[in-house]
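As structure tokens, the structure follows; a few thoughts come after it.
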Amino acid sequence: MHIPDGFLDLKTALTTAIASTGGLGYAVKEVRKKLGDKHIPLLGVTSAFIFAAQMLNFPVAGGTSGHFLGGALAAILLGPWASLLIMTVVLVIQCLGFADGGLTALGANVFNMGIIGGVFTYYFIFIPLKKALSKTKRGFLTASAIAAWASVFIASIICSLELAISGTSPLNLALPAMAGVHALIGIGEAIVTVVVLAIVIQIRPDLIGEYSESEEET
Amino acid sequence: MRHSFLDKYSNLNSFIHELDPRVKIITTLFFLIMVMITSPVFLWAFLIYFLIELIILIISKIPILFILKRFLMVIPFILFIVIFAPFISKNGYAGSYNLGILRNLGGGFYNINSVLVIMNVVLKSFLSIIALILLSSTSPFSQLLLGFRKLKVPSILTNIASFMYRYVFVIVDEVQRMIRARNARNYRGKWIWQSKVVGSIIANLFLRSYERGERVYLAMLSRGYNGDLILNYKYKMRWIEWLYLIIFFVILTLIRLFIG
């Protein structure tokens, strides 16, 4: 889903860049307030983790595979704003260091995977679901599974919308194709996210801010 | 350890390598935007863009093969566009608004407009990849990040990025060892429920990385770390940098005025 340079036109690139810059500005303030500059080494190493995790392919069906994105996982583990910073840094390094995803498309990529796939899914899907479902480990994991699936699915829809608005691909065909493929990839993402969270809850429950003490007792 | 560094050639010696990274960042961004807003019918403009890149490429002594290899990464995206291009309606033009309904599914031929869309994407992504590689292969990554910081990118972002770049190879090594261990134990992932294995690898990786991060943080704290990295920025804006910047801007603006 990393859009390369040359696939977006000026208005799309500019709009998404402005939206992403706004989100990032808020994230920088929020993270500075909550974690402070001192936690930078931790955030840096966690970004490296997301980068490495994205190299892992999971099987989808009969030998085809999708790769892990980690937007929802990062948001649940580290909080939405810290995860936006991390996803941005990962995208910048992939763009500058490995030519994966474009520089002029960076705004769009941050928007799709950081803001939509992270912050938006966190506040509008994960938190409401978590509140609605029972306050148990099972409820927590169900909410994260749906959030993980939705983060991939919605991000892919936004991605094909951006390509269509840029005139690079026709909306009526590319959108169902993208969304269909990513609905499947999203299942893999959900399985991986749930397994990761279940293991982390077992070993270091203190790392997940959203998984509160009360849930542990029930 | 099989990593592909993009700043592999960043310690070569050339005029381009000696320029202040800030100049390279600004010119690259300007170049990419110019490429983005040039309509694909102006082939001459793209040829000149390519020549400019070729000149910088030759001055900076970066092997061309290296760039071609990188271009392979964009191919899946281009395929995606090529598959859907025939269904783009005839009355829009490439880069224009196009939300029209399916008109020529029956015909299924590539009309002139879909050819333009494909050309648009192929030309632009090719030129942009070269520009990006030229940027990152002509300055060491840490100096490039400092350049971004001098251009008023928040220090928290550049600091996270420089930590990440330092540790990414350690963590990638770790993940490659885990993949090797998994494959050695007869893993053949074929179906989606087998994704669980990938989940446990990622969980392991997360805990290891997070704990490594905590250790790094404590080690740095005990050595007097106060939240900022003090790195030496080696470059400054000399007259030659200003000259390069001005020439670059003038040439690109002229192309835009007379050809694009």
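What you see is a predicted model, and the numbers here were worked out from it, not measured in a lab. Computation of the quantities below employed the complete heavy-atom set of this structure, encompassing side-chain atoms and omitting hydrogens, waters and symmetry-equivalent molecules. Every chain is numbered from 1 and lettered A, B, ... according to where its sequence line falls, protein lines coming before strand lines.
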Contact leader toward chain B among A/Asp100, A/Leu197, A/Thr12, where contacts are heavy-atom pairs under 4.5 Å | A/Asp100

So, the part of A/Ser47 with a heavy atom under 4.5 Å from chain B: the answer is both

Please state whether the side chain, the backbone, both or neither of B/Val35 comes within less than 4.5 Å of a heavy atom of chain A.
-> neither

Is the B/Tyr167 ring parallel, tilted or perpendicular to the B/Phe163 ring (thresholds 30°, 60°)?
-> parallel

Honestly, the part of A/Leu10 sitting under 4.5 Å from a heavy atom of chain B is both

Honestly, the part of A/Ile86 sitting under 4.5 Å from a heavy atom of chain B is neither

Rounded to the nearest 0.5 Å, what separation is found between the CG atom of B/Leu207 and the CZ atom of A/Arg204?
-> 7.5 Å

side-chain contact (heavy atoms from CB on, under 4.5 Å), paired with B/Pro21, selected from B/Leu144, B/Leu151, B/Leu135 | B/Leu144

Between B/Ile201, B/Leu123, B/Ile202, which has the largest tally of heavy atom pairs under 4.5 Å with chain A?
-> B/Ile202

Where on B/Leu205 is there a heavy atom nearer than 4.5 Å to chain A: the side chain, the backbone, both, or neither?
-> both

Name the member of A/Ile93, A/Ile50, A/Ile185 that forms the most heavy-atom pairs with chain B at distances under 4.5 Å.
-> A/Ile93

Contacting moiety of A/Leu175, where chain B heavy atoms sit under 4.5 Å = neither

Distance-minimising heavy-atom pair for B/Lys124 and A/Gly6 = CB-CA, 3.5 Å

Count the heavy atoms belonging to other residues, nucleotides or ligands that lie under 6.0 Å from CZ of B/Arg182, then report whether that count exceeds 12.
-> yes

Any donor and acceptor pair, going by atom type alone, linking the side chain of A/Ser151 with main-chain N or O of A/Ile116 inside 3.5 Å?
-> no

At a heavy-atom separation under 4.5 Å, does B/Ile37 approach chain A through its side chain, its backbone, both, or neither?
-> side chain

Under 4.5 Å to a heavy atom of chain A? For B/Phe148 that would be side chain

Any side-chain heavy-atom pair of B/Met36 and A/Asp5 under 4.5 Å | no

Heaviest contributor of heavy-atom pairs below 4.5 Å to chain B, chosen from A/Val28, A/Thr88, A/Thr46, is A/Val28

Close side-chain approach of A/Thr193 to A/Phe68, heavy-atom, < 4.5 Å | yes

Comparing A/Ala53, A/Gly44, A/Gly188 against chain B, the one with the most heavy-atom pairs below 4.5 Å turns out to be A/Gly44

Quick one: which of B/Arg215, B/Glu214, B/Arg212 has the most heavy-atom pairs under 4.5 Å with chain A, could you say?
-> B/Glu214

Segment of A/Leu85 engaging chain B (4.5 angstrom heavy-atom cut-off) | both

Quick one: which of B/Pro154, B/Ser162, B/Ser200, B/Ser209 has the most heavy-atom pairs under 4.5 Å with chain A, could you say?
-> B/Ser209

Atom group of B/Ile179 that falls short of 4.5 Å from chain A, counting heavy atoms = side chain

Between B/Thr38 and B/Tyr49, does any side-chain donor sit less than 3.5 Å from a side-chain acceptor?
-> yes

Side chain, backbone, both or neither: which part of B/Ile78 has a heavy atom under 4.5 Å from chain A?
-> both

4.5 Å side-chain heavy-atom contact, A/Thr15 and A/Phe111 | no

Determine whether A/Phe126 and A/Pro80 make a side-chain contact, defined as any pair of heavy atoms from C-beta on separated by less than 4.5 Å.
-> no

Applying a strict 4.5 Å limit to non-hydrogen atoms, the region of A/Val194 in contact with chain B is neither

Has the side chain of A/Trp149 got a donor or acceptor atom that lies under 3.5 Å from a matching backbone atom of A/Glu189?
-> no

Looking at A/Gly25, A/Pro4, A/Gly101, which has the largest count of heavy-atom pairs under 4.5 Å with chain B?
-> A/Pro4

Chain B contact via A/Ala13 - which portion, at a heavy-atom distance below 4.5 Å = side chain

A/Ser166 side-chain N/O to A/Leu8 backbone N/O, donor-acceptor pair under 3.5 Å = no

Under 4.5 Å heavy-atom distance to chain A, tell me which part of B/Ile33 shows up: side chain, backbone, both or neither.
-> both

Considering only heavy atoms from C-beta outward, does the side chain of A/Ile76 approach that of A/Phe140 to under 4.5 Å?
-> yes

Donor on one side chain, acceptor on other, A/Asn112 and A/Glu162, under 3.5 Å = yes

Is it the backbone or the side chain of B/Leu32 that comes under 4.5 Å from a heavy atom of chain A, or both, or neither?
-> both

Whatever's closer than 4.5 Å to a heavy atom in chain A on B/Glu211 counts as side chain

Under a 4.5 Å heavy-atom cut-off, does chain A meet the side chain of B/Phe141, its backbone, both or neither?
-> side chain

